[in-house]
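When a ligand or atom number is given, it counts from 1 through the structure's own listing order. Just so you know, these numbers come straight off a predicted model, no measurement behind them.
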Amino acid sequence: MPVATLRFLGAAGTVTGSKFALESDGRTTLIDCGLFQGLKELRLRNWEPLPLPARAIDRVVLTHAHIDHSGFLPRLIRAGFDGEILATHATRDLLGVLLPDSGRLQEEEARFRNETGRTKHRPALPLYTEDEGAAAAARVTGVPWEEPVSVGRHARAAFRRAGHILGAASVHIELPGADGGRRIVFSGDIGRYGAPILHDPAPLGEADYVVVESTYGNRTHDPTAIDVQLERAIGAAVARGGGIIVPAFAIGRTQDLLYHLGLLQRAGRVPPLRVYLDSPMAIDATGIYARHPEEFDEEMRALLERGRSPLRSVDVRLARTPQESRAINAVEGPVLIISASGMATGGRVLHHLRRRLPDPRTTVVLVGYQVAGTRGRQLEDGARFVRIFGEDVAVRAHVTSVHGLSAHADADGVLRWLRSATRPPRRVFVVHGEPAAAQTLAERFERELGWPATVPQHGDVVTLT
Ligand SMILES: [Zn+2]
């Protein structure tokens with residue numbers, strides 16, 4: 001007996017655009033509503049209508065606030081979606097910062113294209129505006145952890161911790177049906193076990209079907225402790241004498257970096273240097289972290305109880321206004337600039353890269369996964385030039401990566417999470433990975449766990465029985 005239909009509308013064969021439509025019990029729930037990012041052929045999908053009418057979707061359930069999981073919401077609303085939007089409380093708070101920012105970036109890009117004539121469409125339009133982003137965020141309803149909420153006549157959903165960023169969840173959906181119904185779990189993005197600040201991923205528990213991410217499906221994180229990698233990278237960068245640019249996601253990575261920098265500075269393991277946080281969103285997000293102590297793990301709570309605020313212990317200068325940001329250009333010598341976006345696809349980090357990449361004394365420290373087609377990936381791959389604001393900028397800077405800071409579990413971490421299932425699922429769908437990563441991970445599930453695993457293609461529709 002079919003209990004549900006599952007459509008893969010994004011993050012199938014790629015890492016962005018997460019969108020899974022689950023139709024069951026006469027209702028349609030969209031799990032995640034993410035924007036495609038990276039390669040142009042993917043970004044163009046953001047302009048296409050979904051294969052099902054927006055009005056036919058009853059509700060959206062978001063695993064977490066990252067734009068590749070939430071950033072299509074304003075488009076969905078513009079297309080006529082008027083159902084409820086559910087997320088954890090912390091995710092809801094973060095969306096209040098992230099979605100308007102995403103709209104603002106879209107508007108800036110459209111303005112830039114119009115001013116420079118770099119557009120096929122006249123005028124170039126934003127995918128959505130800052131106001132539409134804010135309006136979408138205002139519609140999100142916060143739901144407590146582990147509390148089952150109704151997502152249909154009989155279906156229920158609950159959020160369990162995924163340990164990825166503040167508020168990040170796996171979504172567990174119980175569908176009614178014969179022999180006890182079925183339980184479908186959407187992993188969301190799985191965090192690293194043992195990472196600082198946040199709780200570890202909660203056990204998977206019971207599941208008949210699992211839709212699991214595979215960002216690092218064919219990789220193992222560098223086992224060298226993050227503090228040691230950072231200590232080396234910063235030490236070498238200071239010796240080069242130039243600026244250190246760290247493109248960082250405003251949410252998650254930035255707070256992890258501040259935490260580690262604080263530890264290194266207090267222990268005298270890195271030379272004294274000025275640190276700038278040049279991202280209004282990162283500054284706001286750090287404030288939201290501080291408002292959600294329920295998200296913190298034991299270690300973080302213990303530090304807080306001893307009167308230490310690990311996210312505020314670094315002597316960090318905040319650049320909120322564009323003037324404050326520009327003033328950093330004049331700073332010579334060892335200066336560490338943390339600025340968004342994390343893959344250098346937009347944001348203020350572009351100005352710093354344009355100014356400092358041609359200088360061989362500069363160091364760029366990449367601290368997260370760099371999607372194919374992004375400037376971050378080009379730098380990681382050793383590009384001699386990158387295109388910024390329509391100019392070819394020479395890369396003479398030293399580019400280095402610190403791996404374990406990723407907010408994603410590596411392949412072994414994802415296997416560890418799957419092993420926390422209380423019984424083997426009927427099937428695992430491997431999503432949110434580039435094809436090679438997803439395929440490698442699917443093969444490992446079959447070989448090491450003996451569970452059937454499929455890598456769905458974009459647009460695939462499967463019937464769950
Ligand atoms: Zn994420």
Report task. Run the ring-centre check on His432 versus His408 and record whether the distance is less than 6.0 Å. Result -> yes

Query raised in the report: Does a sphere of radius 6.0 Å around CD in Glu298 hold more than 12 heavy atoms from other residues, nucleotides or ligands, not counting ones at 6.0 Å or beyond?
Result: no

**Report entry** Whether His64 has an N, O or S atom under 2.8 Å from the Zn ion (ligand 1)
**Finding:** yes

Report task. Decide, yes or no, whether a salt bridge links Glu434 with Arg377 under the criterion of side-chain N to carboxylate O below 4.0 Å. Result -> yes

**Report entry** the Zn ion (ligand 1) to nearest N/O/S of Asp68 below 2.8 Å
**Finding:** no

Query raised in the report: How about His164: does one of its N, O or S atoms come closer than 2.8 Å to the Zn ion (ligand 1)?
Result: yes

Report summary line: The N/O/S atom of Asp189 lying closest to the Zn ion (ligand 1) is OD2

Requested in this report: Determine, for Phe389 and Arg354, whether the Lys NZ or Arg CZ falls below 6.0 Å from the six-membered ring centre while staying within 45 degrees of the axis.
Outcome: no

Query - Pair Asp227, His260: side-chain N/O donor-acceptor within cut-off below 3.5 Å - result: no

Report summary line: the Zn ion (ligand 1) -> His66, closest N, O or S atom is ND1

